[in-house]
Number of protein chains: 2
Amino acid sequence: MPRGRLTAADVVRAGAELADEIGYQDLTMGVLAQRLGVRTPSLYKHVDGLDDLRHRIATLATTELGEAVRAALQGKAGSDALAAFARAFGAYVTAHPGRYTATTGAEVSGPGDELYDASARVLDSMAAVLRGYGVEEGEMVHAIRTLRCLFHGFAALQSANGFQWSGDADESFEWLIGFVDRGLPGADDRLT
Amino acid sequence: MPRGRLTAADVVRAGAELADEIGYQDLTMGVLAQRLGVRTPSLYKHVDGLDDLRHRIATLATTELGEAVRAALQGKAGSDALAAFARAFGAYVTAHPGRYTATTGAEVSGPGDELYDASARVLDSMAAVLRGYGVEEGEMVHAIRTLRCLFHGFAALQSANGFQWSGDADESFEWLIGFVDRGLPGADDRLT
DNA sequence: GCTTTATGGCTATCAGCATTAACCAAGGGA
DNA sequence: TCCCTTGGTTAATGCTGATAGCCATAAAGC
């Protein structure tokens with residue numbers, strides 16, 4: 001093969017796909033190199049080691065998640081927006097368990113970090129839902145944290161166990177949406 | 001018994017303590033052996049490798065968590081029981097981040113597994129709270145799954161990031177409890 | 001009290017993975 | 001044409017998990 005084939009983005013993308021396929025824990029430099037048809041040390045020309053690769057995959061995943069959520073929120077408000085956010089979130093995590101696992105436990109260094117910005121965009125979308133829902137600013141921080149726990153927990157259980165939920169997983173997820181709807185204070189526009 | 005300095009329970013307990021101190025990811029056979037004043041291969045006389053050690057730590061943590069929750073629930077009902085459950089859960093996770101991390105991602109083989117039984121006891125306590133709260137049996141499974149997501153997410157974020165929450169973390173946690181209280185349907189006895 | 005035995009420790013060793021060093025080949029600009 | 005940057009290679013190092021096989025000692029039986 002000639003020169004200049006691989007780029008950093010290629011490596012990260014292939015790593016993300018591989019993590020979704022074989023599981024995040026089994027994503028190793030060797031298997032990724034094999035997937036790319038290259039020897040292991042070559043990856044270090046594009047990525048600064050395994051930790052860096054993981055961080056970049058987490059950034060990619062968070063960015064994609066933010067875009068998916070933002071797209072789902074277009075033209076929605078109130079409880080519709082909440083349901084759309086939740087379904088988009090759940091759909092992304094189900095489709096990309098390896099990528100989401102990368103985001104759990106990823107270290108965010110600070111405002112200069114791309115991952116920080118991507119996370120902030122997801123949380124902004126969450127805040128937009130809550131604000132359009134009638135949550136007061138004083139409660140906003142608590143509401144965001146609570147919803148973050150709920151969705152993060154769902155995602156973690158989803159990507160770890162794959163949910164041995166008996167089969168009515170969708171029904172449970174809809175119940176979860178209704179639960180949030182009831183739990184949020186000060187809303188005029190409610191689900192069923 | 002012939003001469004027995006170390007026992008399997010000792011190894012697991014020391015592993016759990018070490019995980020709380022230095023972080024679950026950094027818990028290695030070598031550092032655990034060092035803590036116990038023993039060479040690495042000696043641990044294999046008590047524990048069947050690192051995976052087995054992790055599984056046992058997860059079992060220990062889940063058992064302890066179940067006991068803490070059960071104790072907190074004594075004599076409580078309705079919203080008091082919910083608050084007690086949540087606070088006991090949060091306190092355990094905060095005190096033992098390494099142990100809880102062991103439970104996330106632990107594989108439960110089946111009903112013969114001790115971890116399975118320990119998890120079932122925690123979920124039973126959760127169900128008891130919900131039942132005393134007025135949740136119908138038809139919704140029980142959905143409610144349990146939802147609360148499991150919420151508390152698991154809290155615990156995961158807590159033990160991973162240590163929550164850079166600005167300082168009013170307790171206030172947010174109380175808000176979370178109120179959120180659950182409002183979100184659960186069919187209750188007579190409410191907080192606030 | 002002496003022998004047997006099994007248990008729990010040890011040293012030595014291997015295998016897998018991340019990482020680094022040192023080297024080489026192609027392509028573009030001087 | 002020459003150089004030098006770039007992206008690949010092979011070789012080697014270090015760390016960690018894991019196994020094999022040896023050794024010491026305490027408990028059990030005579």
Side-chain angles (χ1 to χ4, degrees), chain A residues 1-60 98-99 101-102 104-107 109 115, chain B residues 1-60 98-99 101-102 104-107 109 115:
Chain A
M1 280 294 178
R3 301 276 320 281
R5 288 181 48 215
L6 234 50
T7 168
D10 292 337
V11 173
V12 174
R13 191 178 316 275
E17 291 171 3
L18 209 46
D20 286 337
E21 292 175 24
I22 66 176
Y24 183 69
Q25 295 305 324
D26 293 338
L27 175 64
T28 180
M29 296 296 275
V31 71
L32 176 56
Q34 198 171 2
R35 158 73 59 106
L36 290 167
V38 107
R39 302 290 184 175
T40 305
S42 305
L43 300 180
Y44 289 80
K45 292 290 164 86
H46 307 286
V47 153
D48 194 18
L50 184 62
D51 287 345
D52 182 44
L53 173 68
R54 286 176 171 160
H55 190 270
R56 284 170 190 247
I57 292 176
T59 303
L60 172 67
R99 285 171 219 227
T101 305
T104 82
E107 303 269 336
S109 52
L115 176 57
Chain B
M1 289 281 186
R3 98 133 180 279
R5 296 184 49 200
L6 231 50
T7 170
D10 292 337
V11 173
V12 175
R13 190 176 318 273
E17 291 171 2
L18 209 46
D20 285 337
E21 291 174 23
I22 67 176
Y24 183 70
Q25 295 305 325
D26 293 337
L27 175 63
T28 180
M29 296 296 275
V31 69
L32 176 56
Q34 197 170 3
R35 159 71 61 107
L36 290 166
V38 111
R39 301 291 183 173
T40 305
S42 304
L43 299 180
Y44 290 79
K45 291 290 165 89
H46 307 285
V47 153
D48 195 18
L50 185 62
D51 287 344
D52 182 44
L53 174 68
R54 287 176 171 159
H55 191 269
R56 284 171 191 247
I57 292 176
T59 304
L60 172 68
R99 287 173 217 226
T101 304
T104 81
E107 303 268 335
S109 52
L115 177 56

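Just so we're on the same page: letters track the sequence lines, and every chain starts at 1. What you see is a predicted model, and the numbers here were worked out from it, not measured in a lab.
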Would you say D:dT9 has OP1 or OP2 under 4.0 Å from some side-chain N or O of A:Ser42?
-> yes
N/O donor-acceptor pair under 3.5 Å between A:Asp10 side chain and A:Thr7 backbone | yes
Write down the distance between CG (B:Leu6) and P (D:dT25), rounded to a whole number of angstrom.
-> 18 Å
Nearest-Å distance, CG (B:Asp51) to P (C:dG16)?
-> 16 Å
CD of B:Gln25 versus C1' of D:dG17: gap in Å, rounded?
-> 16 Å
Between C:dA18, C:dA21, C:dG9, which one does the side chain of A:Thr28 approach most closely?
-> C:dA18
What distance do A:Leu43 atom CG and A:Asp52 atom CG have between them, rounded to the nearest 0.5 Å?
-> 11.5 Å
Kindly say if A:His46 contacts the phosphate of D:dG8, meaning a side-chain N or O under 4.0 Å from OP1 or OP2.
-> yes
State which of D:dT9, C:dT11, C:dG9 makes the closest approach to the side chain of B:Val38.
-> C:dG9
Note: A:Ala8 and A:Arg56 closest approach over all heavy atoms is CB-NH1, 3.9 Å
DNA chain C: A:Lys45 or A:Gly30, which has the more 5' nearest nucleotide?
-> A:Gly30
Report the residue (A:Leu50 or B:Thr40) whose heavy-atom-nearest nucleotide on DNA chain C is the more 5′ of the two.
-> B:Thr40
For atom CG of A:Asp10 and atom C1' of D:dG7, their distance in whole Å | 13 Å
Between CG of B:Leu43 and C1' of C:dT7 the distance, given in whole Å, is 16 Å
Give a yes/no on whether any side-chain N or O of A:Arg39 is located under 4.0 angstrom from OP1 or OP2 of D:dT10.
-> yes
Which heavy atom in B:Leu27 sits nearest to a heavy atom in B:Leu53, and how many Å separate them?
-> CD2-CD2, 4.4 Å
Compare the minimum distances between each of C:dA18, D:dT19, D:dA11 and the side chain of B:Pro41, then state the nucleotide with the smallest one.
-> D:dT19
Whole-Å distance between D:dT25 C1' and B:Arg5 CZ?
-> 12 Å
Taking the side chain of A:Tyr44 as heavy atoms from C-beta outward, which of D:dA20, C:dT20, D:dG7 is closest to it?
-> C:dT20
Write down the atom of A:Ile57, the atom of A:Ala16, and the distance for their closest heavy-atom approach.
-> CD1-N, 3.8 Å
Would you kindly give the CD-to-P distance between A:Gln34 and C:dA18, to the nearest whole Å?
-> 12 Å
